[in-house]
There are 2 protein chains.
Amino acid sequence: MSDLLERLRGRGWRMTAQRRVVAEVLDGDHVHLTADEVHARAVVRLPEISRATVYNTLGEMVSLGEVIEVSTDRRAKRYDPNAHRPHHHLVCASCGTIRDVHPAGDPMADLPSDERFGFTVSDVEVTYRGICPGCAATG
Amino acid sequence: MSDLLERLRGRGWRMTAQRRVVAEVLDGDHVHLTADEVHARAVVRLPEISRATVYNTLGEMVSLGEVIEVSTDRRAKRYDPNAHRPHHHLVCASCGTIRDVHPAGDPMADLPSDERFGFTVSDVEVTYRGICPGCAATG
DNA sequence: TCCTACAATGGACTAAGTCCAAGTCAAGTG
DNA sequence: CACTTGACTTGGACTTAGTCCATTGTAGGA
């Protein structure tokens, strides 16, 4: 049923009703939700779940590398369960929706070492910005 | 003296002591400052300047396209006065410092139209993440 | 010099998230 | 199965970064 849940269980995660619900909510939908959206959906199944627990659980899934945190602006962070397939993001500047995209090319290879300033570079993130069809239509 | 100031004046910007100070602070230093850092430096020269004014002024410079807003996480946004030379960013995951980098390649060209989902794509942002030499040294 | 529209102020307010002490419970042990 | 214990959850207080607004000030044109 839930791949994410299986992977987490396999890492010795202590399974609680709250964690199960959070994992299922995240994995079930392929939009990238904010913590509050995850909480809102989790509450439907488990009315007494707290915001703090949702934040904790999402944070742990991020540390375990099972989920990616995407913050494209100062609005809420969004959580992307698709951590195992490399991809980048296309963000609507108006409503904040995020879509996964798979551009050609490897941007990591485009950064020569004399442009690294002694940093240990571990990750690249490419964010395309634009206006989604929905927002373009409604002005 | 200040290129940024000249450009803004040329756009019919009403010049006030506050705006001058904000523009000079931003342009004077080639680190990318947060709004609060800009405010702290502005206060040294003009003690009664308010935080609200700093936010307003930075916001206007961003709308005019003279300054770029960079938000790499949920910490404070940073402001990049180098808006006229295309470049990307290298961010320290530990302390948040940002350096400008100039990778080879054009990531915009790497996004085929069948991966655009009807979006009008106007901008790409590439963010390299890693650990800066300073943070690597101090653990 | 005077006017007035644009700008600055500061304090209240908000959104998103973090922290913590106290209570609860999953799952290993006997 | 009952116990135990350390990990998990809770909710409320707190923080950070930023926005909003009514009031006051002032740049720059007539």
Please enumerate all residues that pass side-chain contact (heavy atoms from CB on, under 4.5 Å) together with [X], with sequence neighbours excluded.
{"X": "A:Arg45", "answer": "A:Val21, A:Glu24"}
{"X": "A:Thr120", "answer": "none"}
{"X": "B:His84", "answer": "B:Arg7, B:Glu66"}
{"X": "A:Asp110", "answer": "B:Pro103, B:Tyr128"}

Are the side chain of A:Arg129 and the backbone of A:Thr72 linked by a donor-acceptor contact shorter than 3.5 Å?
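A pair under 3.5 Å: yes.
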Under 3.5 Å, is there a donor-acceptor pair between the side chain of A:Arg74 and the main chain of B:Arg74?
yes
With a 4.0 Å cut-off, would you call A:Arg19 and A:Glu60 a salt bridge?
yes
Under 4.0 Å between a Lys/Arg side-chain N and an Asp/Glu carboxylate O for A:Arg78 and A:Glu69?
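Here A:Arg78 does not pair with A:Glu69 in a salt bridge, since their nearest N and O are not under 4.0 Å apart.
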Kindly state which residues belonging to residues 37-44 of chain A come within less than 4.0 angstrom of DNA chain C, counting heavy atoms of the residue only, listed by number.
none
Below 4.0 angstrom, which residues in residues 65-76 of chain A have at least one non-hydrogen atom near DNA chain C?
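Residues of residues 65-76 of chain A under 4.0 Å from DNA chain C: A:Ala76.
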Are there more than 12 heavy atoms of other residues, nucleotides or ligands under 6.0 Å from atom CZ of A:Arg11?
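For A:Arg11, atom CZ is crowded (more than 12 foreign heavy atoms under 6.0 Å).
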Once ring pair (Phe, Tyr, Trp, His ring centres under 6.0 Å) is applied, do any residues pair with A:His39, and if so which ones, sequence neighbours excluded?
none
Test side-chain contact (heavy atoms from CB on, under 4.5 Å) applied to B:Val67 and B:Asp80, step by step:
CA-CA 6 Å; B:Val67 164; B:Asp80 179 351; 5.6 Å; no
Residues touching DNA chain D, which here means a heavy atom under 4.0 Å, drawn from residues 88-95 of chain A
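Heavy-atom contacts with DNA chain D come from no residue of residues 88-95 of chain A; none.
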Rest of the hydrophobic cluster containing B:Ile98 (Ile/Leu/Val/Met/Phe/Trp/Tyr, side-chain heavy atoms under 4.5 Å)?
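B:Ile68, B:Val70, B:Val91, all in the cluster of B:Ile98.
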Please check if B:Val22 and B:Leu33 belong to a single hydrophobic cluster, counting links between Ile, Leu, Val, Met, Phe, Trp and Tyr side chain heavy atoms closer than 4.5 Å.
yes
Walking along DNA chain D from 5' to 3', note the first and the last nucleotide with an atom under 4.0 Å from a heavy atom of chain B, and give both.
D:dA17 to D:dG28
Does A:Val54 form a side-chain contact (heavy atoms from CB on, under 4.5 Å) with A:Thr57? I'd like the steps, not just the answer.
CA-CA 5 Å; A:Val54 171; A:Thr57 306; 5.9 Å; no
What's touching nucleotides 28-30 of chain C from the protein side, N or O pairs under 3.5 Å?
none

5'-most contact on DNA chain D: B:Tyr55 or B:Met15, nearest heavy atom basis?
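So the residue in question is B:Tyr55.
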Contact list (N/O, under 3.5 angstrom) for nucleotides 5-9 of chain C vs protein:
unit_1, atom_1, unit_2, atom_2, d
C:dC6, O4', B:Arg14, NH1, 3.1
C:dC6, O2, B:Arg14, NH2, 3.1
C:dA7, OP1, B:Arg19, NH1, 3.1
C:dA7, OP1, B:Arg19, NH2, 3.2
C:dA8, OP1, B:Thr16, OG1, 2.7
C:dA8, O3', B:Gln18, NE2, 2.7
C:dT9, OP1, B:Gln18, NE2, 3.4
C:dT9, OP1, B:Glu48, O, 2.9
C:dT9, OP2, B:Ser50, N, 3.0
C:dT9, OP2, B:Ser50, OG, 3.2
C:dT9, OP2, B:Thr53, OG1, 2.5

Cut-off 3.5 Å, side chains only: do A:Asn82 and A:His32 have a donor facing an acceptor?
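Looking only at side-chain atoms, A:His32 and A:Asn82 do not form any donor-acceptor pair under 3.5 Å.
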Distance-only side-chain donor-acceptor flag, B:Asp100 / B:His89, under 3.5 Å
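B:Asp100 vs B:His89: donor-acceptor pair found between side chains.
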Looking only at non-hydrogen atoms, find the nearest pair between B:Trp13 and B:Leu8 and report the distance.
CB-O, 3.2 Å
